[in-house]
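Quick caveat, the model's predicted, so the values are computed rather than measured.
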Amino acid sequence: MEYNFREIEKKWQQSWKENKTYSVTNESTRPKCYVLDMFPYPSGAGLHVGHPLGYIASDIYSRYKRLKGFNVLHPMGFDSFGLPAEQYAIETGQHPADTTEKNISTFKSQLDKIGFCYDWDREVRTSDPKYYKWTQWLFLQLFNSYFCNTQQKARPIADLIKKYETSGNKDFTAEQWNNFSKKEQEDILMQRRLAFSSFGEVNWCEALGTVLANDEVVNGVSERGGFPVVKKKMRQWYLRITAYADRLLQGLETVNFSDAMKEMQRNWIGKSEGAEMEFAIAKSDDGQPATDGPLSVKVYTTRPDTIFGVDFLVLAPEHELVNQITTADQRASVDEYLTYVKSRSDRERMAEVKQVTGCFTGAYAINPFDETKKIPVWIAEYVLAGYGTGAIMAVPCGDQRDYGFARHFNISITNIIGDFYNGEEANPTKEATLENSGFLTGLLMKDAIGVAIDKIEELGIGKRKKNYRMRDAGFSRQRYWGEPFPIKWIDGVAVPLEENELPLELPHVEKYGPGPEGEGPLANIPEWTAQHYETSTMPGYAGSSWYFLRYMDPQNDATFCDRKASDYWNQVDVYIGGTEHAVGHLLYSRMWTKVMYDLGLIGFDEPFKKLVNQGMIQGVSAFANVIGFNFGTNLMAKLNEEQQVKINKIKSKFKNPEAINFYISEDLMKYVRITHNFPTTEEEKNHMEFQDKIYTILLKQVADEISKNELEEILAVHPINNYYKVHVPIEYVNYKDELDEEKLKKENSRFSDAEFLTMNGIFICSREVEKMSKSKFNTINPDELCDKYGADTFRMYEMFLGPVEMSKPWDTKGIEGVHRFLRKLWRLFFDELKGKVWTDEKATDAELKVLHKTIKKIDSDTEQFSYNTAVSAFMISVNELADLKCHKKEVLEQLLILITPYAPHIAEELWDALGNEGSVLDAAYPAFEAKYLVEATKEYPVSVNGKLRTSINIATDAEEPAVREMVLANEVVQKWLEGKEPKKIIFVKGKMVNVVI
RNA sequence: GCCCAUGUGGCGGAAUUGGUAGACGCAGCAGACUCAAAAUCUGCCGUUCGCAAGGGCGUGAAGGUUCGAUUCCUUUCGUGGGCACCA
């Protein structure tokens with residue numbers, strides 16, 4: 001009877017489904033454990049082997065915890081709203097709901113093949129009205145709340161209204177408030193709501209017809225599609241995540257995330273502490289006041305200790321004061337500079353970081369601590385309008401950017417740090433003692449910071465201030481396929497829908513194009529606009545910010561998640577996913593959780609107790625070389641139009657690697673790349689001869705093309721000018737990097753007319769490890785591997801590749817080893833010819849030792865997510881049991897329980913074959929007993945001067961004097977001693993012996 | 001530029017955290033079984049000197065601490081990721 005994994009896996013997957021083996025209840029006396037995978041977006045491309053890595057890890061952990069007696073929640077669902085489905089809808093006209101449905105079912109069938117233990121009854125989809133009803137409801141909770149700065153938490157906006165009605169605030173009295181119009185009141189409240197609407201500069205992407213979040217813009221272009229992005233003022237919804245900046249930082253101390261992950265979040269929040277202070281603007285040089293009244297510039301600085309080193313101020317070009325302070329003399333230059341800045345796209349401003357530009361405004365400011373010092377005020381694009389106050393005080397001796405600016409524009413530099421400043425570059429130290437610094441002179445800089453701020457506050461010219469790099473999160477998309485906002489706009493006021501009006505369902509549309517003025521597609525529906533509904537929809541992270549709660553109580557129509565359920569399941573114990581969500585999703589869901597906690601909706605304020613980041617599985621791409629040509633044309637003036645068209649056609653054909661259908665085998669490339677100008681040796685001569693031959697072949701096709709067009713006289717071809725590589729689908733390349741040309745040409749239209757130049761008939765591809773993706777033609781489909789080797793083999797092999805958190809390249813060859821291991825395990829129970837070989841005999845000490853060694857190792861490795869070493873331990877265990885010819889049920893049965901999380905199908909089958917009732921998942925996890933591992937003696941390694949020379953068998957309870965005697969008596973040790981006395985003998989009990997000579 | 005990872009055989013990776021470097025697997029080589037193949041089993045498998053016994057070298061590189069360093073410290077190089085005129 002052989003290991004028929006296909007039958008076994010089908011059978012048990014069926015059985016699990018029918019018996020609802022993975023169904024989880026919210027009532028249990030067992031301790032709870034919540035294991036969650038990051039919400040997948042059901043893309044049309046399906047799974048490749050990189051995707052299930054994290055799912056397998058979480059599945060192993062879930063099954064392990066269940067065996068250990070926990071009530072384990074391990075759900076799966078789909079983040080099914082999103083841009084790609086809509087993009088696809090625009091391209092193909094199919095409704096996103098239909099394509100999403102189709103994608104999800106493909107996705108689910110792929111997952112089921114791998115044998116995951118999800119409770120599918122708890123599946124959620126963000127695009128399901130039953131789900132997004134509660135996303136809308138939670139949005140309204142955010143809308144109806146504000147952040148109370150005194151209590152540092154969210155409170156109902158009604159509390160704030162009551163306060164305004166009875167005591168007003170610093171800007172208005174209660175009476176004034178009560179006399180404000182409805183619109184005026186709402187505008188004021190809007191400034192405090194956690195979900196609020198405002199006009200703001202947003203990243204507008206014409207091509208996508210939508211506004212993008214900061215983290216969706218990469219280098220000035222959209223992350224998806226790479227389309228240009230420009231600033232545009234629009235009405236947008238935002239989440240006031242900045243209010244939670246401090247708590248998001250503090251919360252990091254309480255969660256078990258990797259340091260790298262925490263650091264990324266800290267960077268993103270970008271907290272800095274410093275001071276805001278005013279610099280008065282002086283009258284200008286020519287005696288003319290630059291302005292009519294007293295003006296001042298507010299700057300933000302983290303280094304108020306350097307106040308006496310300020311040599312100039314810089315305002316952002318967009319700063320509102322620029323116009324007022326510019327003197328008549330400088331007006332023209334400033335205007336010119338402003339025009340220049342406007343002409344520069346964000347992209348350019350980012351690309352040319354090193355270039356120093358700026359313009360003097362003509363105005364001077366006065367240093368509040370040294371009124372004799374006139375400080376020129378400049379504008380420069382390196383100061384950003386959106387950060388801090390949009391103005392800085394420049395200290396060239398301490399800040400490299402300021403230093404560069406001062407040098408470039410010949411501004412004199414004040415040194416306040418003595419020898420720490422060498423005159424050639426700025427020194428940003430905080431350890432220097434201040435000089436030339438008035439009341440701060442003699443203080444250590446880091447101590448002076450606090451002193452300076454105190455003084456600034458005392459004089460009333462500024463105040464201590466925290467600053468954050470993080471901005472409020474843009475929360476609307478001018479898109480169709482997302483949650484509609486439960487908001488109506490009436491007379492310019494955002495009016496929330498009542499709870500009983502939810503869900504506000506997404507209407508059906510025929511077209512997905514943008515509406516007028518960059519509005520979303522919903523603006524094209526008369527029935528929608530007639531109701532004055534908001535026309536934008538929520539972004540992808542709306543639904544995914546709280547989904548982990550819905551799994552706890554997925555069917556509930558009365559509330560988003562019953563408090564009893566969320567109190568029971570509480571935080572996610574282990575959250576597994578990639579680092580790509582480090583700052584987006586994780587920060588948003590942490591914020592939502594804190595708001596829900598503040599409002600008393602749930603009982604915890606961090607969603608994820610522990611985070612495990614899975615590494616990427618990379619693909620090994622294959623490439624074919626392509627070479628481009630340079631052309632020279634003569635007599636261009638004499639050419640007629642027809643000839644010019646022909647020439648351009650040929651030029652573009654042989655310059656564009658996509659168009660050249662002529663590929664060169666890797667082993668030929670050295671002849672193309674390396675040229676010996678004066679070949680001397682025989683080898684070099686042969687090389688050049690060979691190069692000539694290749695050139696002849698390469699140039700022939702170009703020459704043919706030229707003569708076909710009768711351009712011989714006109715067009716000259718220069719040899720090779722450019723090397724390109726083109727991806728070749730990896731299924732046509734074998735492990736020796738040889739390409740199956742024939743098959744490729746037959747099956748892939750892109751290569752049907754291709755020509756392959758080879759050395760001796762075999763085309764060799766080059767290889768490179770890169771991200772696994774469809775576009776790189778290097779994906780491996782898990783379905784095929786499951787078909788060929790079985791899900792159990794596939795699961796164990798993915799884990800065997802290396803630590804879960806590490807990225808590593810995929811190599812299909814190695815899977816054989818794991819498959820052999822499972823067959824070897826099978827043979828401990830069944831022989832191909834004899835059938836059943838397991839027995840009820842009593843296990844020997846040696847066999848029990850193997851078992852308990854394995855129990856110990858597997859238990860600790862599984863708990864620590866060290867799955868690669870656990871798989872090794874199983875292999876060692878099975879190897880040893882096979883060597884011992886152990887077929888005893890007493891041992892094997894325990895081993896089966898251990899392996900259940902890793903290879904659930906074979907474990908169930910053999911468990912069943914041994915005559916057990918019920919699922920192996922309900923068995924008791926084996927208990928480790930140390931007594932089986934106790935040894936009487938140990939083979940001690942013996943080193944001389946730290947170098948291993950021999951080993952001696954010594955009783956484990958032997959003490960130093962006895963060991964010393966044995967070691968000195970050893971002949972190998974004696975040989976190294978050469979009759980001398982050892983200086984020292986180091987004995988570490990249970991470890992080793994070292995003799996020092 | 002700054003921050004965080006990471007570097008070990010032909011390859012993926014182990015090493016109980018300062019104590020026998022290379023477990024386990026892949027690939028490779030040799031052999032057994034077989035008419036043959038597959039499957040399975042046995043042995044070898046970092047490098048170098050040596051017939052062997054045995055020795056030298058070896059965890060990106062160079063130093064240091066230590067009886068002893070893949071592990072700790074300093075400097076440096078490569079790779080990957082994150083952030084970036086952030087005041």
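Using C1' as the reference atom, B:G58 and B:C49 are 15 Å apart when rounded to the nearest Å. Between the P atoms of B:A52 and B:A69, the separation comes to 30 Å (whole Å). With both ends at atom C1', the span from B:C83 to B:G64 equals 34 Å, rounded to whole Å. Nucleotides B:C57 and B:U70, compared at atom P, are 13 Å apart to the nearest Å. Separating the P atom of B:U16 from that of B:G22 is a span of 13 Å, rounded to the nearest Å. Comparing B:G82 with B:U71, their P atoms are spaced 29 Å from each other, to the whole Å. Annotation: B:A15 and B:U48 have their P atoms spaced 28 Å apart (nearest Å). As rounded to the nearest Å, B:U66 and B:G55 have C1' atoms that lie 25 Å from one another.
Atom pair A:I392:CD1 and B:C85:C1' shows a separation of 9 Å (rounding to whole Å applied). Taking atom CD1 of A:I269 as the reference point, atom P of B:G82 lies 18 Å away to the nearest angstrom. Across the protein-nucleic acid pair, A:I997 atom CD1 and B:G68 atom P stand 13 Å apart, rounded to whole Å. We find that CZ of A:R471 is positioned 13 Å from C1' of B:A84, with the value rounded to whole Å. A:N945 has its CG atom 11 Å from the P atom of B:C67, to the nearest Å. If you take CG of A:D305 and C1' of B:A87, they are 13 Å apart, rounded to a whole angstrom. In this structure, A:N267 places its CG atom 14 Å from C1' of B:A5, rounding to the nearest Å. In this structure, A:K885 places its NZ atom 11 Å from P of B:C41, rounding to the nearest Å.
Counting only residues at least two apart or in different chains, side chain to side chain donor-acceptor pair (under 3.5 Å) contacts with residues 864-879 of chain A comprise A:K824-A:N879, A:T854-A:S877, A:D861-A:T869, A:S866-A:T869.
No side-chain donor-acceptor contact under 3.5 Å links A:T956 and A:E935.
Considering only residues two or more places apart in sequence or on other chains, A:R964 meets the side chain to side chain contact (heavy atoms under 4.5 Å, CB included) condition with A:L968, A:I985. Under the side chain to side chain contact (heavy atoms under 4.5 Å, CB included) criterion, A:E805 pairs with A:P803, not counting sequence neighbours. A:D246 is linked by a salt bridge (Lys or Arg N to Asp or Glu O under 4.0 Å) to A:K271, A:K466, counting only residues two or more places apart in sequence or in another chain. For A:K947, the side chain to side chain contact (heavy atoms under 4.5 Å, CB included) partners at least two apart in sequence or on another chain are A:R949. In this view, A:N267 and A:E263, A:R469 satisfy the side chain to side chain contact (heavy atoms under 4.5 Å, CB included) rule, not counting sequence neighbours. Residues satisfying the salt bridge (Lys or Arg N to Asp or Glu O under 4.0 Å) test with A:E278, not counting sequence neighbours, are none.
For A:R401, the side-chain atoms get nearest to B:C85 when compared with the rest of B:G82, B:U42, B:C85. In this structure, the nucleotide among B:G82, B:C3, B:C67 sitting nearest to the side chain of A:V996 is B:C67.
Checked against a 6.0 Å centroid threshold, the rings of A:Y789 and A:F5 do not count as neighbours. Aromatic rings from A:F405 and A:F312 are positioned such that their centres are separated by under 6.0 Å. For an aromatic pair to be called close, the ring centres must be under 6.0 Å apart, and A:Y337 with A:W378 fails this.
In this structure B:G28 sits in a base pair with B:C44, meeting the Watson-Crick or G-U test at under 3.5 Å. In a base pair of the Watson-Crick type (N1 to N3 plus N6-O4 or O6-N4) or a G-U wobble (N1-O2 and O6-N3), with each distance short of 3.5 Å, B:C33 is matched with no nucleotide. Across all strands shown, B:G1 is found opposite B:C83 as a Watson-Crick or G-U wobble partner, with both distances under 3.5 Å. Shown here, B:G9 forms no base pair; nothing in the strands shown gives a Watson-Crick or G-U wobble contact with both key distances under 3.5 Å. Base-pair partner of B:A69: not found among the strands shown (Watson-Crick or G-U wobble, both distances under 3.5 Å). With a cut-off of 3.5 Å on both pairing distances, B:A53 has no Watson-Crick or G-U wobble partner at all.
Among the heavy atoms of the strands lying under 4.0 Å from A:K824 are primed sugar atoms or P, OP1, OP2 only; no base atom is included.
For the pair A:R303 and A:D259, both in contact range of RNA chain B, the more 5′-proximal nearest nucleotide belongs to A:D259.
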For nucleotides 51-59 of chain B, print each protein N/O atom paired with a nucleotide N/O atom at under 3.5 Å, atom names and distance only.
unit_1 : atom_1 : unit_2 : atom_2 : d
B:G56  : OP1    : A:R949 : NH2    : 3.3
B:G56  : OP2    : A:R949 : NH1    : 3.3

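In B:U42 the O4'-C1'-N dihedral to the base is more than 90° from 0, which defines an anti nucleotide. B:G9 has its base syn relative to the sugar, with a glycosidic angle deviating from 0 by at most 90°.
The shortest distance between the side-chain N/O atoms of A:Y387 and the OP1/OP2 oxygens of B:A87 is below 4.0 Å.
Relative orientation of the A:Y300 and A:Y387 rings is perpendicular, given thresholds of 30° and 60° on the angle between their planes.
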Checklist outcome for this item: Protein heavy-atom contacts under 4.0 Å, written 5' to 3' over nucleotides 7-25 of chain B as B (base), S (sugar-phosphate only) or - (none), form the string -----BSS----BB--BBS

